[in-house]
Amino acid sequence: MSAATLPDPVVATAGSTDPGAPLVVLLHGRGSHEREILGVADHLPTGPAYAAVRAPIPEGGGFAWFANRGIGRPVAASLAATTAWFRSWLDEAAPAGRPVVLIGFSGGAAFAGALLLSEPARFAGAAILNGTLPFDAGIPVEPARLAGTPVFVAQGEADTVIPRELLERTWSYLHTGSGAAVRGRCDPGGHGLGPRTVAELRHWVQELVSSG
């Protein structure tokens, strides 16, 4: 697999049509699609442009961001190809100077983490929702890698989809190793976004786009 062999991006949009407005990119989970996660934009601030991108790999009636070695464990070569593919789209959608915020759920959270860790200065912030960072997949995770970068991380205490050790490693790295400016939320629920998490995510996005 290479970026050149992947299909053209399919993108669903909402919010502002101003090409200079902050761009919030929504990244769906494995087996889902762009239209499903676009609904999250209805609960987020007005003002930004929202773009939900379809992952490029067909998977289970939907799409996936990378091949994996098990849940939450991307194949390094696959992840390298899809992140290169995504950055080609992003460079056109958001030229230098346009703020970009990533919001990823589940498999999309791992993909958002890969993008952020690979190029921290490119993004105004990232939300890692009910997912893991892509450890052991060729992505840099050294100490202070995300120094000062705003990150919102949300997890479910009863999540049985993402391996618990990966959730704990993600929480620990973001809070104590990455250097990021972290806002963390742990809910009693499972693998999904509860209303309180969505409300807090809304406030976090509003703060980011207001200060940008």
Side-chain angles (χ1 to χ4, degrees), residues 1 3-68 74 78-79 81-116 118-119 122-131 134 152 154 161 191-195 197-206 208-209 212:
M1 179 192 298
T5 64
L6 294 171
D8 290 340
V10 175
V11 184
T13 60
S16 176
T17 57
D18 179 353
L23 178 64
V24 178
V25 182
L26 303 167
L27 305 169
H28 63 77
R30 178 174 291 270
S32 183
H33 53 82
E34 73 286 356
R35 287 287 173 185
E36 186 170 8
I37 198 167
L38 186 65
V40 173
D42 294 339
H43 305 281
L44 297 178
T46 57
Y50 293 92
V53 183
R54 178 186 296 176
I57 303 172
E59 172 84 18
F63 302 89
W65 294 105
F66 46 79
N68 65 11
S78 176
L79 186 59
T82 55
T83 53
W85 169 89
F86 179 90
R87 284 195 297 268
S88 293
W89 168 79
L90 185 65
D91 286 346
E92 290 190 16
R98 186 180 190 185
V100 178
V101 178
L102 301 171
I103 296 178
F105 175 79
S106 192
F111 192 68
L115 294 165
L116 182 68
S118 296
E119 202 174 2
R122 180 71 174 87
F123 302 101
I128 308 298
L129 308 176
N130 298 83
F152 181 91
V161 173
H191 193 68
L193 297 179
T197 294
V198 173
E200 191 162 342
L201 177 65
R202 176 187 176 91
H203 291 311
W204 179 80
V205 171
Q206 184 65 64
L208 277 190
V209 299

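Here the structure is a predicted model, which is why all the values come from computation and not from measurement.
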Could you tell me whether the side chain of [X] and the main chain of [Y] form a donor-acceptor pair under 3.5 Å?
X	Y	answer
Arg30	Gly62	no
Trp65	Gly29	no
Thr82	Ser78	yes
His43	Arg202	no
Arg122	Val100	no

Hey, is CG on Asp8 packed in by over 12 heavy atoms from elsewhere, all under 6.0 Å? no
Counting neighbours of CZ on Arg87 that are heavy atoms of other residues, nucleotides or ligands and sit closer than 6.0 Å, is the number greater than 12? yes
Evaluate the side-chain contact (heavy atoms from CB on, under 4.5 Å) criterion for residues Leu201 and Leu129: first the C-alpha distance (whole Å), next the side-chain angles of each, then the deciding distance (0.1 Å), finally the verdict. CA-CA 10 Å; Leu201 177 65; Leu129 308 176; 4.1 Å; yes
For residues [X] and [Y], report the shortest heavy-atom separation together with the two atoms involved.
X	Y	answer
Ala112	Leu27	CB-CD1, 3.8 Å
Ala64	Glu59	CB-CB, 3.7 Å
Val24	Pro48	CG2-CB, 3.9 Å
Pro74	Pro134	CG-CB, 3.9 Å
Ala49	Ser16	CB-O, 3.3 Å
Asp18	Arg98	O-NH2, 3.4 Å

Given side chains that start at C-beta, do those of [X] and [Y] come closer than 4.5 Å, heavy atoms only?
X	Y	answer
Pro45	Tyr50	yes
Leu193	Asn130	yes
Val53	Phe111	no
Ser118	Thr83	no
Phe86	Val25	yes
Trp85	Thr5	no

Please test Phe123 against Leu90 for side-chain contact (heavy atoms from CB on, under 4.5 Å), starting from the C-alpha separation and ending with a verdict. CA-CA 11 Å; Phe123 302 101; Leu90 185 65; 3.6 Å; yes
Output, in order, the C-alpha distance, side-chain angles, deciding distance and verdict of side-chain contact (heavy atoms from CB on, under 4.5 Å) for Ile103 and Ile37. CA-CA 10 Å; Ile103 296 178; Ile37 198 167; 5.5 Å; no
Please determine whether side-chain contact (heavy atoms from CB on, under 4.5 Å) holds for the pair Val11 and Trp89, giving the CA-CA distance in whole Å, both sets of side-chain angles, and the decisive distance to 0.1 Å. CA-CA 10 Å; Val11 184; Trp89 168 79; 3.6 Å; yes
Between NE2 of His28 and CZ of Arg54, what distance do you get to the nearest 0.5 Å? 7.5 Å
Calculate, to the nearest 0.5 Å, the distance between atoms CG and CG belonging to Leu79 and Asn68 respectively. 10.5 Å
Phe105 and His191 aromatic centres sub-6.0 Å: yes
